[in-house]
2 protein chains.
Amino acid sequence: MRFTPEREIILDEVLKAKTHLEADSLFLTLYQRGIKVSRATVYRTLDLLIKCGLAEKNSFGQNHAHYESVFGTIHHDHLVCLSCEKVIEFIDEEIEELQDKICEKFGFKAVKHSHQIFGYCEKCQKSQN
Amino acid sequence: MRFTPEREIILDEVLKAKTHLEADSLFLTLYQRGIKVSRATVYRTLDLLIKCGLAEKNSFGQNHAHYESVFGTIHHDHLVCLSCEKVIEFIDEEIEELQDKICEKFGFKAVKHSHQIFGYCEKCQKSQN
DNA sequence: CTAATTGCAAATCATTTGCACCAAT
DNA sequence: ATTGGTGCAAATGATTTGCAATTAG
């Protein structure tokens with residue numbers, strides 16, 4: 001496994017991203033900064049980061065995926081605003097435990113989960129009045 | 001809103017489907033039965049059913065969507081087997097309540113949610129030994 | 001009648017892949 | 001040197017769309 005400049009750039013971006021990032025937007029950002037990394041490499045490297053356990057992929061029901069660094073974060077789930085697309089993270093230990101119980105009940109061995117609540121954030125609710 | 005034969009056929013299929021269905025597979029099934037409905041109409045009609053609140057769309061992180069009739073079912077979430085792709089439904093009132101609490105906490109107005117646990121079903125765990 | 005609906009084929013959009021060229025070990 | 005990595009452009013796969021032909025109300 002080689003540590004190429006392209007991989008370093010993409011890893012950096014993922015690590016420093018405060019919010020979820022999309023593969024294509026990442027490519028575009030780099031492109032606009034004059035950094036030459038191809039779309040293919042962006043996709044390939046993001047996949048790699050996931051395989052290495054450094055990032056996670058979410059789909060949020062949209063047609064494109066979101067990537068997020070796993071580094072320095074605890075597992076969390078998401079509230080997704082249908083109006084401004086803002087993503088709020090939440091953690092709930094009780095829900096995690098209930099999930100374990102459910103899996104037990106079905107003899108299911110959980111690997112990961114994906115839990116999103118879609119709706120309207122405080123700000124968008126107000127501005128809709 | 002017209003009630004065309006195409007719409008009747010697709011609605012029927014969705015209502016009688018015991019499991020989740022995929023748009024393309026539905027098209028293929030109909031095609032093999034000699035029923036002439038175009039792919040476009042399948043997609044258009046499924047969208048319509050969702051807009052009418054008769055069906056729901058799930059994405060499960062795969063590259064294609066799953067559709068499911070809402071009729072005669074209670075809200076439920078899913079366990080998705082990564083090996084055989086089987087989908088097990090589950091309902092947990094406690095989790096639903098905890099979700100409401102979380103939304104309250106963030107001033108978030110929930111519209112719907114999507115909650116999946118990915119892993120290995122009992123059968124696949126055994127066959128992997 | 002006539003506006004809504006369909007089928008077709010072409011268009012999109014996100015993502016993946018084949019392959020010749022290039023670079024890290 | 002060798003093998004893995006990159007860029008490009010073409011391929012893919014799911015879904016959407018433009019438009020002319022069709023049909024339900």
Side-chain angles (χ1 to χ4, degrees), chain A residues 1-14 17 19-52 54-68 80 85 87 114 116, chain B residues 1-14 17 19-52 54-68 80 82 85 87 114 116 118:
Chain A
M1 175 82 81
R2 293 187 189 163
F3 191 58
T4 64
E6 290 84 355
R7 288 184 178 173
E8 183 170 10
I9 290 163
I10 294 166
L11 176 58
D12 266 13
E13 289 301 314
V14 171
T19 176
H20 297 232
L21 41 75
E22 294 154 37
D24 209 72
S25 314
L26 174 52
F27 163 74
L28 252 39
T29 305
L30 295 176
Y31 184 81
Q32 283 164 356
R33 281 200 225 142
I35 302 169
K36 31 46 184 154
V37 178
S38 71
R39 242 189 204 90
T41 298
V42 170
Y43 278 101
R44 283 190 277 232
T45 306
L46 288 172
D47 276 356
L48 213 59
L49 295 182
I50 290 164
K51 273 181 203 126
C52 301
L54 292 170
E56 272 179 5
K57 193 176 182 176
N58 291 84
S59 65
F60 295 156
Q62 288 160 286
N63 49 335
H64 59 269
H66 289 227
Y67 298 82
E68 168 176 38
V80 183
E85 303 208 329
V87 176
S114 154
Q116 300 99 34
Chain B
M1 174 85 79
R2 293 187 188 164
F3 192 59
T4 64
E6 290 84 356
R7 289 184 176 170
E8 181 169 14
I9 290 162
I10 294 165
L11 176 58
D12 266 11
E13 289 302 314
V14 171
T19 177
H20 296 233
L21 42 74
E22 295 153 38
D24 209 71
S25 314
L26 174 52
F27 164 75
L28 251 40
T29 306
L30 295 176
Y31 184 82
Q32 283 165 356
R33 280 199 225 142
I35 302 169
K36 30 54 190 145
V37 178
S38 71
R39 243 187 204 91
T41 297
V42 170
Y43 279 100
R44 283 192 276 233
T45 306
L46 287 173
D47 277 355
L48 212 60
L49 295 181
I50 289 164
K51 273 180 204 127
C52 301
L54 291 170
E56 272 179 8
K57 193 176 181 174
N58 290 85
S59 66
F60 295 156
Q62 289 160 286
N63 49 335
H64 59 269
H66 290 227
Y67 298 83
E68 169 177 36
V80 183
L82 294 170
E85 303 207 327
V87 176
S114 154
Q116 300 98 35
F118 299 94

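Letters A, B, ... mirror the listed sequences (proteins, then strands); counts begin at 1. Keep in mind that this is a model prediction, so the values were computed, not measured.
At whole-Å resolution of the value, CD in B/Glu8 and C1' in C/dT5 are 15 Å apart. If you take CG of B/Leu28 and C1' of D/dA14, they are 13 Å apart, rounded to a whole angstrom. Rounded to a whole Å, the CD1 atom of A/Ile10 is 7 Å from the P atom of D/dT6. Atom P of nucleotide C/dT5 and atom CD1 of B/Ile9 are separated by 16 Å, given to the nearest angstrom. Spacing between atom NZ of A/Lys36 and atom C1' of D/dG7 amounts to 12 Å, rounded to whole angstrom units. We find that CG of B/Leu46 is positioned 14 Å from C1' of D/dT16, with the value rounded to whole Å. Between B/Asn63 atom CG and C/dT17 atom C1' the separation is 15 Å, expressed in whole Å. Nucleotide C/dT15 holds its P atom 7 Å from the CG atom of A/Asp24, rounded to whole Å.
Side-chain N/O atoms of B/Thr4 include one lying less than 4.0 angstrom from OP1 or OP2 on C/dT6. Taking side-chain N and O atoms only, A/Arg7 has a distance below 4.0 Å to OP1 or OP2 of D/dG5.
Side-chain proximity of A/Tyr43 to C/dT16, D/dT15, C/dT6: nearest is C/dT16. Closest contact between the side chain of B/Arg2 and the listed nucleotides D/dG13, C/dA3, C/dC13 involves C/dA3. For B/Ser38, whose side chain is taken as the heavy atoms from C-beta onward, the closest listed nucleotide among C/dA14, C/dG7, D/dG5 is C/dG7.
Between B/Leu54 and B/Val14, the closest side-chain pair of non-hydrogen atoms is not below 4.5 Å. At a threshold of 4.5 Å between non-hydrogen side-chain atoms, the residues B/Thr45 and B/Leu11 do not count as touching. Under the 4.5 Å side-chain criterion, counting only non-hydrogen atoms from C-beta, B/Gln62 is not in contact with B/Glu22.
Between B/Leu26 and the options B/Asp24, B/Leu28, B/Leu30, a side chain to side chain contact (heavy atoms under 4.5 Å, CB included) holds for only B/Leu30.
Mapping B/Ala40 and B/Phe3 onto DNA chain C via the closest heavy atom, the residue that lands nearer the 5' end is B/Phe3. Where B/Ala23 and B/Pro5 each meet DNA chain D at their nearest nucleotide, the meeting point lying more 5' is that of B/Ala23.
A/Arg44 comes within 4.0 angstrom of a base, heavy atoms only.
The residues A/Glu6 and A/Arg44 are annotated as not salt-bridged, no charged nitrogen and carboxylate oxygen being separated by less than 4.0 angstrom.
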